[in-house]
Colleague: 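The structure under discussion is supplied below as structure tokens; questions concerning it will follow.
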Amino acid sequence: MNDFNLSSNGHLAIEAKDLSCYYGDFRAVKNVDLDIKQHAITALIGPSGCGKSTVLRAFNRMNDLIPVAHAEGEILFHGANIYAEGVDPVEIRRRIGMVFQKPNPFPKSIYDNVAWGAKINGFKGSKQEMDQLVEESLRDAAIWDEVKDKLDQSGLSLSGGQQQRLCIARTIAVKPEIILMDEPASALDPISTLRIEELIQELKKNYTIVIVTHNMQQAARASDFTAFFNMDNDRAGYLVEYNVTQTIFTSPAKELTDQYITGRFG
């Protein structure tokens, strides 16, 4: 396996180089070059079908789980290509975690939801050390005070917003470096959405965050950098513009970007 412990340039978490993603013969994303900054929140925006989620899932090889999917180009993590021969995608997904659009807690206790990931990744500590890991993960996901007295209750008994924070805690427990989030608040009410956005701001102190969102206000509020995607006449997604979020939303370089963020198309 490649050495993903090599130091990179110290500023980038992921580097996509001429990335194209296919489902069978259909090219869903074409020729994407994108540098994701460390300890920052990067939002991927664009109309439905433009490949945002495909790019996000390419960052930790989740697309590999679709039999007809394959990628061309490179994605560098610590300077090494995660698509190189011999790379273990399971290890990649441990280092680069994923939070999905719809909360998906397991039909297990709150405690076991958080402990599960650590266990399958070879956690060898004592019960006391596991207890500490579960508490730290739930604290980092800003849900400990709400669940500390009911850790033996099912994760499915929680509200939607709580379930999503539990899923974030489960991701954190594996100790990733990067957390990918595919519209993590789209199924939540406005109050729960703001809680998730506040949590993301806290998490970037220790993690790099990449988030797909259809919500322009959310991207403007919650992210440091924004990448705007569109699709061409062949319905292949491509990167239109990438910059500091404030620049994207106040003085974008491309007219197409301005039309999208002001609601004139998409």
Colleague: When you group the ILVMFWY residues by side-chain heavy-atom contacts below 4.5 Å and let the links chain together, are V212 and V210 in the same group?
Modeller: yes
Colleague: Rounded to the nearest 0.5 Å, what's the gap from CE on M181 to SG on C167? Could you check?
Modeller: 10.5 Å
Colleague: Salt bridge between K52 and D182, side-chain N to carboxylate O under 4.0 Å?
Modeller: no
Colleague: Flag the pair R139 and E136 as a salt bridge only when some basic side-chain nitrogen lies within less than 4.0 angstrom of an acidic carboxylate oxygen.
Modeller: no
Colleague: Under 4.5 Å between side-chain heavy atoms, hopping through other hydrophobics if needed: is there a path connecting I168 to L156?
Modeller: no
Colleague: Under the ring pair (Phe, Tyr, Trp, His ring centres under 6.0 Å) definition, can you give me all pairs with a residue in residues 170-228, not counting sequence neighbours?
Modeller: F228-Y260
Colleague: Can you tell me how far the CD atom of Q162 sits from the CD1 atom of I110, to the nearest 0.5 Å?
Modeller: 8.0 Å
Colleague: Hey, are the side chains of E197 and N215 touching, using non-hydrogen atoms and a 4.5 Å cut-off?
Modeller: no
Colleague: Distance check, rounded to the nearest 0.5 Å: I209 atom CD1 versus I178 atom CD1?
Modeller: 9.5 Å
Colleague: Could you work out, with salt bridge (Lys or Arg N to Asp or Glu O under 4.0 Å) as the rule, every residue matching D18, not counting sequence neighbours?
Modeller: none
Colleague: Taking R61's backbone N and O only, do any of them form a donor-acceptor pair with R93's side chain (distance below 3.5 Å, no angle check)?
Modeller: yes
Colleague: Distance check, rounded to the nearest 0.5 Å: L12 atom CG versus K37 atom NZ?
Modeller: 6.0 Å
Colleague: So which pairs with a foot in residues 87-120 pass ring pair (Phe, Tyr, Trp, His ring centres under 6.0 Å), sequence neighbours left out?
Modeller: F106-W116
Colleague: Going by an N to O cut-off under 4.0 Å, is there a salt bridge joining K30 and D234?
Modeller: no
Colleague: Transitively linked via ILVMFWY side-chain contacts under 4.5 Å: V55 with L180?
Modeller: yes
